[in-house]
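Below you'll find the structure, written out as structure tokens, and then a few comments.
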Amino acid sequence: MNNKSHTILAIETSCDETSVALLRVSGNKVEIRHHETATQIPIHARYGGVVPEVAARTHVAEVVSLLERAGIFLSKKLSTVDAIAVTRGPGLSTALRVGIEAARTLAFSTGKPLIGVNHLEGHLASSWLVPENRNQWKFPILALLVSGGHTELVLMKDFGKYRIIGRTRDDAAGEAFDKSAKLMGLAYPGGPLISKYAAQFEKTKQKSRFTLPRPMINDPSLDMSFSGLKTAVRQTWEGISNEERSNESIIAEMAWSIQDAICDVLVQKTQRAIQKHHPVAVTVVGGVSANKELQKRMAEMIQTQTNILFHVPAIGLHTDNAAMIAAAGSWRFSRNAFDRWQTIDAKPEWNL
Ligand code: KG4
Ligand code: ZN
């Protein structure tokens, strides 16, 4: 184990955010010294989802400016960097390659070590960036990783030692939010919009008339399924009149039911995993963990369990960002898990 203080430069380009961060780690003191993300969401929203070719081209246009604004092209700043971390996968192959080319060029030209990071380990590390979580960081930790492409229950036994104990058999939870929103004519990404409309309906204190299924909720396994929910949303939505569909209060009511169904499944499966694996703490990470209702219900459920801590990432670090890649990069730095600029390549399908 390498306990040396270090500064990590991190680059993230796996999907639709170009992000660069500088993280200083000194014992238990962790400081995000620089962090900037250029989101492509408004660009992809025009197409109703992420277009890989457009994502890659936009990363090319952004990554050098982001590195410049991080001060990386100034020799004084560069000299403070101990290693260069970059997301290797999972993600869009052409998008990943943009970050990797930037990182390996920097590693080649500076002679600094290179660290290829698993994007999912980055999400797991996002909670560790919060000082209160880090001060109480003890394994095993049960992580619910819920993003646009992944929905997994992960048992973290130590840094770098992860076991997937449950996963979606079809769509990810983020996909269920996004696809349901699309069916209702809402913009990409649907998750934040569904959450906004659901909060609007919550305020009315009414009961939603829409009942949606909770697939696999009573299945004894820790696996989940969300594709049936999408089908039910389509059928329900098509069953109401055009006039009602453009009514904001109906949209809000439907959004509430969608969020309610997804949260029910996620919370129930996490509770089942706690009972089976007895973790010290639970963390919920990935873009969907930004959902306030999910956080609230998860916190309530965890309070009913004895002595289990709940770690949530800081606001702004739920969705894709380079600070979490730097954090996972720091974990790998401590384990001397380095890569070679000569051979590093994208791993679009990389599992944890
Ligand atoms: O982690 P992330 O930024 O990218 C992936 O690695 O996939 O997650 C993006 C996903 C999208 O599906 C988006 O709709 C969802 O996270 N999301 C939300 C919320 N904010 C983002 N879903 C529900 N409620 C939110 N507030
Ligand atoms: Zn992600």
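First listed ligand is number 1; within each ligand, the first listed atom is number 1. If you read the sequence from its start, that first residue is 1, and numbering goes on from there.
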Ligand 1 atoms in contact with [X] (distance to a heavy atom under 4.0 Å):
X      : value
Gly191 : 14 (O), 18 (C), 19 (C), 22 (N), 23 (C), 24 (N), 25 (C)
Gly174 : 12 (O)
Pro189 : 14 (O)
Ser147 : 1 (O), 5 (C), 6 (O), 7 (O), 8 (O)
His119 : 6 (O)
Gly149 : 7 (O)

Residue, atom name and distance, where the atom is the protein heavy atom closest to [atom]:
atom                    : value
atom 24 (N) of ligand 1 : Asn291 ND2, 3.0 Å
atom 17 (N) of ligand 1 : Gly287 O, 3.5 Å
atom 13 (C) of ligand 1 : Asp178 OD1, 3.8 Å
atom 7 (O) of ligand 1  : Gly148 N, 2.8 Å

For this session: Please find out if the Zn ion (ligand 2) and some N, O or S atom of His150 are separated by less than 2.8 Å.
Result: no
For this session: Report yes or no: does His123 have an N/O/S atom closer than 2.8 Å to the Zn ion (ligand 2)?
Result: yes
Problem set entry | Value rounded to 0.5 Å, distance of NE2 in His311 from CG in Leu124 | 12.0 Å
With a 4.0 Å cut-off on heavy atoms, does [X] reach ligand 1?
X      : answer
Pro192 : yes
Glu17  : no
His123 : yes

Problem set entry | Nitrogen or oxygen of Glu175 less than 3.5 angstrom from that of ligand 1 | no
Exercise. For Phe177, is at least one N or O under 3.5 Å away from an N or O on ligand 1?
Worked result: no
Exercise. With the Zn ion (ligand 2) as the point of reference, which N/O/S atom of His119 is the closest?
Worked result: NE2
For this session: Considering just N/O/S atoms, say which atom of Asp320 is closest to the Zn ion (ligand 2).
Result: OD1
Is the side chain of [X] donor-acceptor paired with the backbone N or O of [Y] at a distance under 3.5 Å, no angle test?
X      : Y      : answer
Arg272 : Asp219 : yes
Arg88  : Ile344 : no
Arg214 : Leu212 : yes
His35  : Ala323 : yes
Ser208 : Phe210 : yes
Arg97  : Ala346 : no

Exercise. Is there a path from Ile302 to Phe139 through hydrophobic residues (I, L, V, M, F, W, Y) whose side chains come within less than 4.5 Å of each other?
Worked result: no
Seminar exercise, completed: In terms of heavy-atom contacts, Leu66 and Thr18 come closest through CD1-O, 3.3 Å
Problem set entry | Shortest non-hydrogen contact from Ser289 toward Val284 | CB-O, 3.4 Å
Seminar exercise, completed: Among Val288, Thr319, Asp320, the residue with a heavy atom nearest to atom 4 (O) of ligand 1 is Asp320
Exercise. Do the ring planes of Trp137 and Phe159 sit parallel (below 30°), tilted (30 to 60°) or perpendicular (above 60°)?
Worked result: parallel
Problem set entry | Asp16 side chain to Tyr188 side chain, donor-acceptor N/O pair below 3.5 angstrom | yes
